[in-house]
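To keep things clear, I will list the structure first and then write my remarks on it.
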Amino acid sequence: MRHLYSCPLRWSDMDAFGHVNNAVFVRYLEEARIDFMRRLAPGNGSPSFTGGSVVARHEIDYVRPLVHRHSPVSIELWVTKVSAASMTIAYEVKDEATLYLRASTIVVPYDFAEERPRRITAEEKSFLKEYMDDASHQEGAVAV
């Protein structure tokens with residue numbers, strides 16, 4: 001299963017070349033990731049996904065420029081790996097006809113009170129596995 005996030009484009013996201021600045025895409029990924037994590041939090045008093053996390057790594061492939069428009073862009077994200085103390089999230093930023101970006105982020109749960117990384121709990125792993133999709137990207141799936 002994949003998480004879908006509809007990301008609005010802001011006029012200030014454009015650079016001097018008239019398209020969304022490459023650094024702004026990192027913020028788009030962050031917005032989608034936070035939306036994903038908030039939806040995973042069980043909300044029944046469980047501490048799962050309520051603590052902090054830090055980004056250990058971003059990897060981004062810019063496929064095509066995205067110009068400003070009034071309609072939002074879609075961000076699909078899914079989990080490709082869950083280990084004892086990190087998870088890897090993959091993303092595609094696209095619309096119906098065009099893929100703009102592929103990316104992945106390694107996220108580490110972090111205990112800010114203890115100032116150190118923490119383990120992913122069994123409950124968190126269970127939620128994350130629902131979004132596991134390790135299928136390779138297929139070049140022909142979306143027009144580039």
Side-chain angles (χ1 to χ4, degrees), residues 1-15 19-139 141-144:
M1 176 167 47
R2 293 185 177 192
H3 176 73
L4 301 176
Y5 177 70
S6 182
C7 185
L9 304 181
R10 294 164 280 280
W11 183 255
S12 62
D13 295 347
M14 284 194 312
D15 61 17
H19 54 71
V20 174
N21 183 277
N22 63 326
V24 171
F25 278 105
V26 176
R27 189 174 70 228
Y28 290 174
L29 301 178
E30 177 186 48
E31 289 176 25
R33 190 173 59 253
I34 289 170
D35 185 67
F36 172 64
M37 299 302 266
R38 283 189 178 147
R39 291 175 190 269
L40 284 179
N44 59 0
S46 168
S48 291
F49 301 107
T50 57
S53 63
V54 295
V55 170
R57 177 187 175 117
H58 282 302
E59 190 172 314
I60 300 173
D61 293 321
Y62 298 95
V63 178
R64 187 177 194 99
L66 174 60
V67 296
H68 183 268
R69 62 187 192 204
H70 295 291
S71 60
V73 68
S74 295
I75 301 176
E76 287 187 15
L77 68 90
W78 62 98
V79 177
T80 59
K81 182 179 177 184
V82 178
S83 65
S86 70
M87 68 191 90
T88 303
I89 298 174
Y91 315 79
E92 288 182 344
V93 178
K94 60 188 181 180
D95 56 28
E96 291 179 13
T98 307
L99 175 66
Y100 300 102
L101 176 139
R102 286 189 183 108
S104 65
T105 302
I106 297 175
V107 179
V108 177
Y110 197 80
D111 183 332
F112 287 103
E114 297 291 324
E115 297 182 348
R116 64 183 177 86
R118 67 167 181 82
R119 299 277 186 190
I120 295 174
T121 68
E123 183 179 39
E124 290 169 334
K125 282 183 183 178
S126 174
F127 286 118
L128 291 169
K129 287 186 179 187
E130 292 181 34
Y131 290 90
M132 287 289 291
D133 182 354
D134 59 0
S136 299
H137 298 295
Q138 301 207 5
E139 289 294 325
V142 178
V144 286

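When a residue number appears, it is its place in the shown sequence, counting from 1.
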Query raised in the report: Tell me the side chain to side chain donor-acceptor pair (under 3.5 Å) pairs involving residues 54-63, sequence neighbours left out?
Result: Arg57-Glu59, His58-Thr105
Report task. Nearest 0.5 Å please: distance from the CD1 atom of Ile89 over to the CG atom of Leu128. Result -> 7.5 Å
Query raised in the report: Can you list the residues that meet the ring-ring contact (aromatic ring centres under 6.0 Å, His included) rule with His68, with sequence neighbours excluded?
Result: Trp11, His70
Query raised in the report: Would you say the side chain of Met87 lies within less than 4.5 Å of the side chain of Glu124, judging by non-hydrogen atoms?
Result: no
Report task. Return the set of residues passing salt bridge (charged side-chain N to carboxylate O under 4.0 Å, His left out) with Arg116 (not counting sequence neighbours), or none when no residue passes. Result -> none
Report summary line: The reported gap from CE in Met132 to NZ in Lys81 (rounded to nearest 0.5 angstrom) is 10.0 Å
**Report entry** Partners passing side-chain hydrogen bond (donor to acceptor under 3.5 Å, both in side chains) against Tyr5 (at least two apart in sequence or in another chain)
**Finding:** Glu31
Report task. Could you tell me which residues satisfy side-chain hydrogen bond (donor to acceptor under 3.5 Å, both in side chains) with Ser12, sequence neighbours excluded, listed by chain and number? Result -> none
Report summary line: For Ile75 and Cys7, the nearest pair of non-hydrogen atoms, with its separation, is CD1-CB, 3.9 Å
Requested in this report: Over all heavy atoms of both residues, which pair between Leu99 and Arg64 is shortest? Give the atoms and the distance, please.
Outcome: O-CB, 3.7 Å
**Report entry** Side-chain heavy-atom pair Glu92, Trp78 within 4.5 angstrom cut-off
**Finding:** yes
Query raised in the report: For the atom pair OG1 (Thr98) and CD (Glu96), what is the distance rounded to the nearest 0.5 Å?
Result: 10.0 Å
Report summary line: For Ser126, the side-chain hydrogen bond (donor to acceptor under 3.5 Å, both in side chains) test, sequence neighbours excluded, returns none
Query raised in the report: What is the minimum heavy-atom distance between Pro109 and Ala85, and which atoms define it?
Result: CD-O, 3.4 Å
Query - Partners passing side-chain hydrogen bond (donor to acceptor under 3.5 Å, both in side chains) against Arg119 (at least two apart in sequence or in another chain) - result: none
Query raised in the report: Mind checking whether Leu77 and Tyr131 have side chains closer than 4.5 Å, heavy atoms only?
Result: no
Query raised in the report: Should Leu4 and Glu76 count as side-chain neighbours, where that means a heavy-atom distance under 4.5 Å?
Result: yes
Report summary line: Residue set satisfying salt bridge (charged side-chain N to carboxylate O under 4.0 Å, His left out) with Glu130, at least two apart, ordered chain then number -> none
Query raised in the report: Which residue pairs pass the salt bridge (Lys or Arg N to Asp or Glu O under 4.0 Å) test when at least one of the two sits in residues 104-113, sequence neighbours left out?
Result: none
Query raised in the report: Can you name the residues that form a side-chain contact (heavy atoms from CB on, under 4.5 Å) with Pro117, not counting sequence neighbours?
Result: Val108, Tyr110
Query raised in the report: Is Leu29 close to Leu101 at the side-chain level, that is, under 4.5 Å between some pair of heavy atoms?
Result: yes
Report task. State which residue, out of Arg102, His3, Arg33, fulfils the side-chain hydrogen bond (donor to acceptor under 3.5 Å, both in side chains) condition with Tyr91. Result -> Arg33
Query raised in the report: Roughly how far, to the nearest 0.5 Å, is the CZ atom of Phe127 from the CE atom of Met37?
Result: 11.5 Å
**Report entry** Least distance between heavy atoms, Lys125 atom then Ile120 atom
**Finding:** CG-CG2, 3.6 Å
For a quick test of your reading: what N or O donor-acceptor pairs under 3.5 Å do the side chains of residues 20-27 make, sequence neighbours left out?
residue: Asn21; atom: OD1; partner: Ala23; partner atom: N; Å: 2.8
residue: Arg27; atom: NH2; partner: Asp13; partner atom: OD1; Å: 2.5

Report summary line: What one should report as the nearest heavy-atom pair of Ser86 and Ile106 is CB-CG2, 4.1 Å
